[in-house]
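When a ligand or atom number is given, it counts from 1 through the structure's own listing order. In this text the structure is predicted, and so the values were computed from the model without any measurement. Just so you know, residue 1 is the first one in the sequence shown, and it goes up from there.
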Amino acid sequence: MDILHSVAEMHRFADRVHHSGRTIGFVPTMGFLHEGHVSLMHIARQHADVLVVSIFVNPTQFGPGEDFESYPRDFERDRRMVAAAGADCLYYPDANEMYPDGYQTMVCVRDVTRNLCGLSRPTHFEGVATVVTKLFNAVKPQCAVFGQKDFQQLVVIKRMVKDLNMDIDIIGAPIVREPDGIAMSSRNKYLGPAERQAARCLSRALDAVRARVQAGEHAAQALISLATDIISAEPLGRIDYIRVCDVETLRDVELLENDAVMAVAVFFEKARLIDNAVLHVNGQQS
Ligand code: PAF
């Protein structure tokens, strides 16, 4: 597996792959990898000849007072996991390579970034859209895989790729959960044993909401109340938001008429966890 640090090296690698008639599948990450990331790599492998994974803790997507400095990092462990997943190349640029002196261009996706995480993290998605654009330009992939746990991020990236005519297939991958139901996340590391136990209320709430939809409830407020009751029963949790939105526009809906997503964000002391469930009006919930 090649480990590349500069855009120039990455371009040479990508051009070699393309000249040999092969395609690149790409998984961008911020490292501190877990089985959720590995599942994205396996999916990318199925869709392309060559797998490139990037690790870059992107400063521009963290707001003031957020966890950029303390974000967990373990390059040696990550390198082993990426190699074991069968990647051909690990792209590992540093902050100077990504944002050299004089850097001043940002990518702004408008409407779909306003609700949900955009309410409490107003600059987050500009940082995500910018770094993903730069990574796409460096790696030159034919497809890229993003987890559905970050549902809004996936919608933002799909919108950006469409609006900017990027010739890249964006693939959404199912949420991977721990045996206790908690969605896998690098930030789960921040949870102490009591918070870890308490954080199970997210998946419990989403399961209850799915069951309620399956039983015929279509009023968003009733579903939000149900999830709020379950999550607020955990004294260690502090709700940031619980909302039901259209899966494409991410605008709040009052009634489930088309597929919708219930998205939740809850603080457990240092950790802000997000999770979601796609709610299908007719048929199985996911
Ligand atoms: O989902 C993440 O890990 C990050 O937001 C991403 C897409 C790698 C951009 O920094």
Side-chain angles (χ1 to χ4, degrees), residues 7 10 24-41 43-44 51-63 66-75 77-78 81-82 85 87 89-95 97-99 103 105-109 112-113 116-118 120-139 141 143-161 164 166 168-176 183-190 250 263 265 271-276:
V7 177
M10 195 60 246
I24 295 178
F26 179 41
V27 178
T29 81
M30 297 208 300
F32 210 71
L33 304 175
H34 49 68
E35 284 309 308
H37 292 113
V38 173
S39 77
L40 307 184
M41 296 175 207
I43 291 171
L51 172 60
V52 177
V53 176
S54 68
I55 296 178
F56 178 64
V57 184
N58 172 37
T60 65
Q61 70 188 75
F62 292 80
E66 290 187 352
D67 57 343
F68 173 65
E69 299 296 341
S70 58
Y71 194 84
R73 293 159 168 89
D74 187 342
F75 180 72
R77 181 175 155 276
D78 286 347
M81 284 178 77
V82 174
C89 170
L90 173 54
Y91 182 44
Y92 186 51
D94 67 15
E97 185 69 13
M98 293 300 281
Y99 301 110
Y103 187 86
T105 303
M106 299 298 283
V107 178
C108 163
V109 182
V112 291
T113 61
L116 304 175
C117 291
S120 51
R121 306 184 75 192
T123 57
H124 172 66
F125 289 112
E126 193 171 270
V128 170
T130 301
V131 81
V132 170
T133 300
K134 287 177 66 65
L135 291 167
F136 283 174
N137 286 339
V139 174
C143 70
V145 186
F146 293 81
Q148 279 171 4
K149 183 178 79 69
D150 297 289
F151 192 88
Q152 187 171 19
Q153 171 169 280
L154 178 60
V155 171
V156 169
I157 300 300
K158 281 186 175 163
R159 185 76 250 169
M160 177 185 85
V161 162
L164 297 183
M166 295 175 174
I168 302 170
D169 193 12
I170 302 300
I171 300 164
I175 298 176
V176 179
M184 287 196 179
S185 162
S186 306
R187 288 190 168 99
N188 290 348
K189 182 184 176 359
Y190 298 146
L250 296 187
R272 179 178 173 280
L273 303 187
I274 57 173
D275 203 342
N276 67 77

With the criterion set at N/O pairs under 3.5 Å, what does the list of contacts between the protein and ligand 1 look like, atom names and distances included?
from     : atom 1 : to     : atom 2 : distance (Å)
ligand 1 : 1 (O)  : Gln153 : NE2    : 2.8
ligand 1 : 5 (O)  : Gln61  : NE2    : 3.0
ligand 1 : 5 (O)  : Gln153 : OE1    : 2.7
ligand 1 : 10 (O) : Gln61  : OE1    : 2.6

| request: State, to 0.1 Å, how close Lys149 and Met184 come at their nearest heavy-atom pair, and which atoms those are. | output: CE-O, 3.3 Å
| query | In Å, rounded to the nearest 0.5 Å, how long is the span from CE of Met166 to CD1 of Ile157? | reply | 8.0 Å
| task | Kindly indicate whether a cation-pi arrangement holds for Arg187 with Tyr71, taking the cut-offs as under 6.0 Å to the six-membered ring centre and within 45° of the axis. | result | no
| query | Once you round to the nearest 0.5 Å, how far does CG of Asp78 lie from NE2 of His37? | reply | 8.5 Å
| task | Apply the side-chain contact (heavy atoms from CB on, under 4.5 Å) test between Lys158 and each candidate in Val155, Val156, Leu154; give the one that qualifies. | result | Leu154
| remark: From the list Leu40, Val27, Val132, Ile171, side-chain contact (heavy atoms from CB on, under 4.5 Å) partner of Phe146 resolves to Val132
